[in-house]
Student: 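Before I ask anything, here is the structure I am working with.
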Amino acid sequence: MISLHRVQFPNSKADLLQALEESLGRVIQKTESFVTISARVFPYLDEIALNFDGAQFDAHLPALPQPVGPTKQACEAAHVQMNGRRVSIGGTPLNLELSASDVIFHQGRDDKGEALLIVQSVRTGHFVLSIAKAELEKAVRKLAEREASGQGITVEETQLSLRARGPRSVAVEVRLRARKLLFRTNIDISGHVEIDDHFQARVSGIKCRGEGTIGSLACKGIQPHLQRLEGRSFPLTSLPFGDIKLRDVRITVADAVEVAADFGSAG
């Protein structure tokens, strides 16, 4: 769902292209044009292609706008393709890829009366997100440094270990080498993430172990954050677009962590 930040809905290929460029440009930092639309007769589009290579997204993306009142069909695309290599989200680079066929878009209005482009249905779709383990380790270290600094603890080294326990389950272990004043310690945090057959992602088995007084102090400060995650479930069944549902999710762990999902409309 995309807010087009205009009152009138686009009525041509060129107008839709401009609206998408301007709207997405509000949340994406990228110098080159990143939207291509192929169409012989509007509103029947052959392809919408989005190239996000090297784009930078802010870590705090705006909330998706919600339509107010009824929606109606606006256009359709035989194919939608999105590619993004080395996309930076909050300073962490990752790769994105999406392809979808027979996509029907609706138009609606938000609470400001501005036009919305709504993905209503998709015959088949495939999405892949991957992030290098080294980059994920850097992101974990940044988080650990932020949380530890409030207790006067310096994180000197971070080691991240990921182990697949099945196509939808990953065991996570983080070892932090930390220092407070002249004292050094190791802090080990472990847990696992699993997606069940109902596409509920669940975090469980989170533990924190610290060596000595400094390690115990660090775990005591971290534990409240970990407890908020323990046992939490995140429903993935429905996507925030029309009647599109997840059909399958797979997690692969190697030099990179890859999450692949198949989706489409009900029926």
Side-chain angles (χ1 to χ4, degrees), residues 57-61 86-96 127-236 248-261:
F57 290 78
D58 188 81
H60 304 290
L61 295 175
R86 300 291 294 177
V87 174
S88 175
I89 299 181
T92 299
L94 47 82
N95 298 319
L96 302 170
F127 175 76
V128 179
L129 180 152
S130 64
I131 178 171
K133 180 183 171 185
E135 297 295 347
L136 189 57
E137 192 169 75
K138 289 179 185 178
V140 170
R141 176 164 182 165
K142 287 180 183 178
L143 177 62
E145 287 174 340
R146 186 172 69 242
E147 296 299 332
S149 63
Q151 302 177 59
I153 297 173
T154 301
V155 176
E156 297 182 327
E157 183 180 345
T158 305
Q159 294 179 342
L160 174 67
S161 175
L162 301 169
R163 188 175 71 258
R165 302 176 56 183
R168 297 179 187 163
S169 181
V170 177
V172 181
E173 296 178 0
V174 179
R175 164 159 283 205
L176 306 175
R177 179 71 172 168
R179 172 177 56 83
K180 184 166 186 177
L181 300 177
L182 300 177
F183 302 95
R184 285 181 168 82
T185 186
N186 290 323
I187 303 166
D188 295 306
I189 302 171
S190 61
H192 67 268
V193 180
E194 184 172 9
I195 301 172
D196 63 22
D197 291 338
H198 301 288
F199 300 118
Q200 295 271 341
R202 181 181 176 86
V203 181
S204 62
I206 301 179
K207 298 177 182 178
C208 182
R209 303 181 185 88
E211 296 178 357
T213 303
I214 302 301
S216 298
L217 177 65
C219 277
K220 185 177 179 180
I222 295 171
Q223 200 63 42
H225 301 282
L226 300 180
Q227 287 177 344
R228 286 198 289 269
L229 290 174
E230 176 67 34
R232 286 193 63 183
S233 293
F234 304 89
L236 307 177
D248 193 17
V249 178
R250 300 168 299 283
I251 304 174
T252 305
V253 177
D255 291 338
V257 180
E258 180 180 286
V259 180

Student: Taking side chain as C-beta onward, heavy atoms only, is I251 less than 4.5 Å from P167?
Tutor: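 No, every pair of side-chain atoms sits at 4.5 Å or beyond.
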Student: What's the verdict on side-chain contact (heavy atoms from CB on, under 4.5 Å) for R177 and N186, showing C-alpha distance, side-chain angles and the deciding distance?
Tutor: CA-CA 5 Å; R177 179 71 172 168; N186 290 323; 3.1 Å; yes
Student: Let me check something: any side-chain donor-acceptor pairs from residues 229-236 under 3.5 Å, sequence neighbours excluded? List them with distances.
Tutor:
residue: E230; atom: OE1; partner: G205; partner atom: N; Å: 3.2
residue: E230; atom: OE1; partner: I206; partner atom: N; Å: 2.9
residue: E230; atom: OE2; partner: G205; partner atom: N; Å: 3.1

Student: Would the distance check show the side chain of S88 and the main-chain N or O of P93 forming a donor-acceptor pair, the cut-off being under 3.5 Å?
Tutor: no
Student: Rounded to the nearest 0.5 Å, how far does CG of D255 lie from CG of L162?
Tutor: 11.5 Å
Student: Do T252 and V257 make a side-chain contact, defined as non-hydrogen atoms from C-beta onward lying under 4.5 Å apart?
Tutor: no
Student: Would you name the heavy atoms of G210 and C219 that are closest together and state the gap between them?
Tutor: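 That would be N-SG, 3.6 Å.
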Student: Using modelled atom types and a 3.5 Å cut-off, is there a donor and acceptor pairing between side-chain atoms of D188 and backbone atoms of R209?
Tutor: no
Student: To the nearest 0.5 Å, how far apart are CG in L94 and CZ in F57?
Tutor: 9.0 Å
Student: Sequence neighbours excluded, which residues qualify as side chain to side chain donor-acceptor pair (under 3.5 Å) partners of R165?
Tutor: H192
Student: Minimum heavy-atom separation for D197 to R168, with atom names?
Tutor: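 Closest approach of D197 to R168: OD1-NH1, 3.4 Å.
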Student: Can you tell me how far CZ of R202 sits from OG of S169, rounded to the nearest 0.5 angstrom?
Tutor: 12.0 Å
Student: Rounded at 0.5 Å granularity, tell me how far NZ in K180 sits from CD1 in I153.
Tutor: 5.5 Å
Student: Give the C-alpha distance, both sets of side-chain angles, the deciding distance and a yes or no for side-chain contact (heavy atoms from CB on, under 4.5 Å) between V170 and V253.
Tutor: CA-CA 8 Å; V170 177; V253 177; 4.0 Å; yes
Student: Using the rule given for salt bridge (charged side-chain N to carboxylate O under 4.0 Å, His left out), can you reason through E156 versus R184, listing the C-alpha separation, both sets of side-chain angles and the distance that settles it, and then say yes or no?
Tutor: CA-CA 9 Å; E156 297 182 327; R184 285 181 168 82; 3.0 Å; yes
Student: Does any part of the side chain of I189, heavy atoms only, come nearer than 4.5 Å to the side chain of L226, both counted from C-beta?
Tutor: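 The answer is yes; the side chains approach within 4.5 Å.
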Student: Between atom CZ of R175 and atom OG of S190, what is the distance when rounded to the nearest 0.5 Å?
Tutor: 11.5 Å
Student: If you measure from OG1 on T213 to CZ on F183, what distance do you get to the nearest 0.5 Å?
Tutor: 8.5 Å
Student: Of all the heavy-atom pairs spanning G215 and I187, show the shortest one and how long it is.
Tutor: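 The answer is CA-CG1, 4.3 Å.
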Student: Shortest non-hydrogen contact from R141 to E157?
Tutor: NH1-CA, 3.8 Å
Student: Return all side-chain donor-acceptor pairs below 3.5 angstrom for residues 127-140, not counting sequence neighbours, or 'none' if the list is empty.
Tutor:
residue: K133; atom: NZ; partner: L160; partner atom: O; Å: 3.3
residue: E137; atom: OE2; partner: L160; partner atom: N; Å: 2.7

Student: When you compare the side chain of E194 with that of Q200, does any pair of heavy atoms fall below 4.5 Å?
Tutor: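 No; the side chains remain at least 4.5 Å from each other.
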